[in-house]
Trainee: 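Can you read through this structure? Questions will come right after.
One is the number of the first residue; the rest follow in order along the sequence. Every number for a ligand or one of its atoms is a count from 1 in the order of the listing.
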Amino acid sequence: MATQMDEQLSMNQVYINELSKHTGQEVTLKGWLYNLRSSGKLLFPQLRDGTGIVQCVVFKKNVQPEVWDALKGLGQESALIIRGAVRADERAPGGYEIDVSSAEVVQSAHDYPITPKEHGTEFLMDHRHLWLRSRRQHAILKVRATVVKAVRDFLDNDGFTLCDAPIFTPAACEGTTTLFEVNYFDEEKAYLTQSGQLYNEATAAAFGKVYCFGPTFRAEKSKTRRHLTEFWMVEPEMAYATLDDVMNLSERFLSYIASRVIEDRKEELKILERDISKLETIVPPFPRLHYDDAVKMLQEGHERGELENRFEWGGDFGAPDETYISGHFDKPVMVHHYPAAVKAFYMARDPERSELALGVDVLAPEGYGEVIGGGARATSLDFLREQIAIHELPEEAFNWYLDLRRYGSVPHAGFGMGIERCTAWMCGIEHIRETIPFPRMLYRLKP
Ligand code: 4AD
Ligand code: MG
């Protein structure tokens, strides 16, 4: 049987982010103890409930002695239900305080490993399952959720149909060096998908404008702040579309995401101390830079002593090159017409200069590097067959894909954007490992 206290405690439950609607009312808050200060006959528990953190004030004389005793000395992250009156207070973080009338400890926690003192990154990553509760991590993942929502809203409202691609695949999409191989019944091998693009090309021929959005996998041996082995990619693909269409879509897409983050995640951007002016500049048009001109920029940089190595035409950009190029612009820059030799087998070629691919990388400012990669796809059956052979890919695994060139082949184009790179950029944080709840990296599979 529920006691009177239980009943009282479950009445009028609200969330911390709705306190403004309950000024002066008695409410119940259910959460966890974020922090506890005490001073004589006063306790100041800070309660977090997933939607925010609020400071509560407990006067010894206002609560039952057993409530006082239970709260006093309660450990960080104990589960706690608090009842009290909502009071607007300008000095309080968040603008409200709770004058506590009663409380119930749901679980008393001791020795929570993450304390307000500084911890090393490895320690925090080992405790990622708990670290997620920290204010900064919470803010980053709220931004991620908004990025994802913005991505879906934009594409859903722009005539794209969601058509998800499989995760087990029979062949490589983005080169064989970063494939994760898994056993798939009876000695057959499967690979974890690197990109849903090839399947997008099939669904685009069925639906016109499509997107897939899911986890993708790369056995990246590089340990950089931009690489995960499992990351989420959103990939729009359009039938009857060109490289220009991809660039136009990219700039509208990224601008929309940035505007939604600015609008919907004000509190979080404040916690992250993000310079919002850097996000406000993300509006169309974005500068477009031919690969040839990007190379000139790098070579001039070298001549001026700003870059150590001289960049030779034909190479792919490394992180320092991308940072140098994007440093010339306060908006994302779209570098197009890369040498085909550094790009994937499916890229369409420039009809005037066949050594160039009709591909584009969108480089984010502030050193975030490539956030979008895409372009126009080759349409000719013979050309693709030849490329599959040159790239030493098994043709039988691509036979279904080649059907798309046999039956109603049209110019088509699309791109992929990594959610984590985009989120890191929006948040202005150093490393993408904090932009996904449980990152997978070269040396990290746990927790
Ligand atoms: O440039 P990528 O490799 O392009 C493709 O996979 C195309 N098939 C996409 C398409 O046209 N449909 O990857 C696209 C984006 C990159 O720009 C980057 O944002 C992200 O995916 N990305 C990664 N993010 C985190 N960790 C990694 N290891 C990543 N590799 C790519
Ligand atoms: Mg790329």
Side-chain angles (χ1 to χ4, degrees), residues 144 147 151 155 160 163-165 169 171-180 192-204 209-238 241 243 245-247 249-250 253-254 257 291 316-319 321-322 326 332-336 338-339 342-348 357-364 368-378 401 412-426 431-436 439-442 444:
R144 176 191 173 98
V147 168
V151 157
L155 294 171
F160 287 80
C163 279
D164 284 321
T169 60
C173 177
E174 295 297 318
T176 50
T177 55
T178 61
L179 274 180
F180 274 112
L192 299 182
T193 186
Q194 299 165 305
S195 156
Q197 181 196 316
L198 305 184
Y199 296 94
N200 262 350
E201 293 182 52
T203 56
K209 297 207 293 185
V210 297
Y211 71 102
C212 65
F213 186 12
T216 46
F217 305 85
R218 306 269 171 107
E220 298 275 8
K221 291 276 165 56
S222 42
K223 196 174 173 240
T224 80
R225 64 192 192 90
R226 297 174 182 178
H227 288 93
L228 297 171
T229 53
E230 176 179 328
F231 62 98
W232 283 66
M233 187 162 29
V234 57
E235 299 178 81
E237 187 76 24
M238 303 170 284
L243 174 60
D245 293 324
V246 165
M247 293 200 267
L249 181 68
S250 299
F253 184 67
L254 290 175
I257 295 169
Y291 174 86
D316 201 0
F317 302 137
D321 306 316
E322 288 182 354
S326 62
V333 52
M334 306 200 278
V335 182
H336 54 85
Y338 282 78
V342 300
K343 291 290 177 188
F345 77 95
Y346 52 70
M347 291 258 180
L358 298 179
V360 59
D361 280 1
V362 183
L363 310 181
Y368 284 96
E370 179 200 330
V371 287
I372 282 182
R377 323 305 186 187
Y401 179 68
H412 61 288
F415 68 74
M417 182 187 80
I419 290 296
E420 293 76 16
R421 286 199 193 167
C422 179
T423 303
W425 169 34
M426 293 294 125
H431 201 297
I432 69 170
R433 66 186 160 214
E434 293 176 43
T435 64
I436 185 164
R440 296 291 171 251
M441 294 178 289
L442 183 52
R444 181 162 297 278

Trainee: Between Ile432 and Arg421, what is the shortest heavy-atom contact and its length?
Mentor: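 Ile432 and Arg421 have their closest heavy atoms at CG2-CA, 4.1 Å.
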Trainee: Backbone N or O of Trp232 within a donor-acceptor pair of the Glu420 side chain at under 3.5 Å?
Mentor: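 Yes, Glu420 side chain to Trp232 backbone: donor-acceptor pair under 3.5 Å.
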Trainee: Short question: side chain of Ser195, backbone of Gln197 - any donor-acceptor pair under 3.5 Å?
Mentor: yes
Trainee: Pick one: which of Glu322, Glu370, Glu220 meets salt bridge (Lys or Arg N to Asp or Glu O under 4.0 Å) with Arg226?
Mentor: Glu322
Trainee: Name the residues in contact with ligand 1, where contact means a heavy atom under 4.0 Å away: which are they?
Mentor: Glu174, Ser195, Gln197, Arg218, Glu220, Arg226, His227, Leu228, Phe231, Met233, Glu235, Tyr346, Glu370, Val371, Ile372, Gly373, Gly374, Arg377, Gly414, Phe415, Gly416, Gly418, Arg421, Ile432
Trainee: Does Asp245 reach the main-chain N or O of Ala413 with its side chain, forming a donor-acceptor pair under 3.5 Å?
Mentor: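 The answer is no, because no donor-acceptor pair under 3.5 Å joins these two groups.
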Trainee: By residue and atom, what protein N/O/S atoms are less than 2.8 Å from the Mg ion (ligand 2)?
Mentor: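 The answer, once waters are left aside, is Glu370 OE2.
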Trainee: Just do the side-chain contact (heavy atoms from CB on, under 4.5 Å) check on Glu237 and Arg377 with the steps written out, would you?
Mentor: CA-CA 10 Å; Glu237 187 76 24; Arg377 323 305 186 187; 2.7 Å; yes
Trainee: Taking Gln194 as the fixed residue, which of Leu179, Thr176, Thr216, Thr169 is the one that meets the side-chain contact (heavy atoms from CB on, under 4.5 Å) rule?
Mentor: Leu179
Trainee: Could you tell me if the ring centre of Tyr346 sits under 6.0 Å from that of Tyr401?
Mentor: no
Trainee: Distance from Phe231 atom CZ to Thr435 atom OG1, nearest 0.5 Å?
Mentor: 11.5 Å
